[in-house]
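The first residue in the sequence is number 1, and the count goes up from there.
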Amino acid sequence: VQLQASGGGLVQPGGSLRLSCAASGFRRRINSMGWYRQAPGKQRELVAVVTGGGTTNYADSVKGRFTISRDNAKNTVFLQMNSLKPEDTAVYYCKLVLLSTYWGQGTQVTVSS
């Protein structure tokens, strides 16, 4: 199983970024895909997740600003991040849950003026 994440970068406060995570190398039904993040000195935390049935869940801190979506045909999940704040700065990790759990390599998001 491989996860290829992309889309991170440097953006000013109030700006937007879109992360993508493409999963490959499996045939099982996806249980869920999602995004987590880890800021320096902090634990990894949930950002947003979408289940195989399409149910979404968001961290309170990103509700109304971030939107998770998926392309089932391409086993790809997206995270549209709007109204970014400096506290959104972190390494963002894609997570795939089949019968086992798989993590992507992480992509840096920096929100700074």
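Annotation: side chain of Thr89 is not in contact with side chain of Ser112 (no heavy-atom distance under 4.5 Å). Between Thr67 and Phe78 the shortest side-chain heavy-atom distance does not fall below 4.5 Å.
Under the 4.5 Å side-chain contact rule for hydrophobic residues, Val91 and Val109 do not share a cluster. Val97 and Val77 fall into different hydrophobic clusters, defined by Ile, Leu, Val, Met, Phe, Trp and Tyr side-chain heavy atoms under 4.5 Å apart, directly or through other members.
A donor-acceptor contact shorter than 3.5 Å is absent between the side chain of Thr56 and the backbone of Val50. Judged by distance alone, with hydrogens and angles left aside, the side-chain atoms of Gln108 form no donor-acceptor pair with the main-chain N or O of Gly8 at under 3.5 Å. A donor-acceptor pair under 3.5 Å is absent between the side-chain atoms of Tyr92 and the main chain of Gly7, judged by distance alone.
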Pair Asn75, Ser24 - check side chain to side chain contact (heavy atoms under 4.5 Å, CB included), show working. CA-CA 7 Å; Asn75 289 329; Ser24 61; over 6 Å; no
Side chain to side chain contact (heavy atoms under 4.5 Å, CB included) evaluation trace for Met81 with Asp88: CA-CA 9 Å; Met81 304 186 293; Asp88 294 318; over 6 Å; no
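Scanning all heavy atoms of the two residues, the minimum distance from Ser16 to Ser83 falls at OG-N, 4.4 Å. Across all their heavy atoms, Tyr93 and Gly106 have their closest contact at CD2-CA, 3.5 Å. Minimum heavy-atom separation, Pro13 to Ser113: CD-N, 3.7 Å. The minimum heavy-atom distance between Asn31 and Leu98, with the atom names listed, is CB-O, 3.8 Å. The two atoms that bring Gln38 and Gln43 nearest to each other are CG-C, 4.1 Å, heavy atoms only. The shortest heavy-atom contact between Arg29 and Gly53 is NH2-N, 3.9 Å.
For Tyr36, the ring-ring contact (aromatic ring centres under 6.0 Å, His included) criterion is met by Trp103, not counting sequence neighbours.
Note: Ser20 OG to Gln80 CD = 9.5 Å, rounded to the nearest 0.5 Å. Put simply, CG on Leu79 and OG1 on Thr107 are 11.0 Å apart, with the number rounded to the nearest 0.5 Å. Interatomic distance, Ser100 OG to Arg28 CZ, rounded to the nearest 0.5 Å: 8.5 Å. To the nearest 0.5 Å, atom SG of residue Cys21 and atom CG of residue Leu96 are 7.5 Å apart. Between Leu46 atom CG and Lys95 atom NZ the span is 8.0 Å, to the nearest 0.5 Å.
Here the rule is side-chain contact (heavy atoms from CB on, under 4.5 Å) with Trp35, and of Val49, Ile68, Val62 only Ile68 fits it. With respect to Phe66, the side-chain contact (heavy atoms from CB on, under 4.5 Å) criterion is satisfied by exactly one of Leu84, Leu19, Asn82: Leu84.
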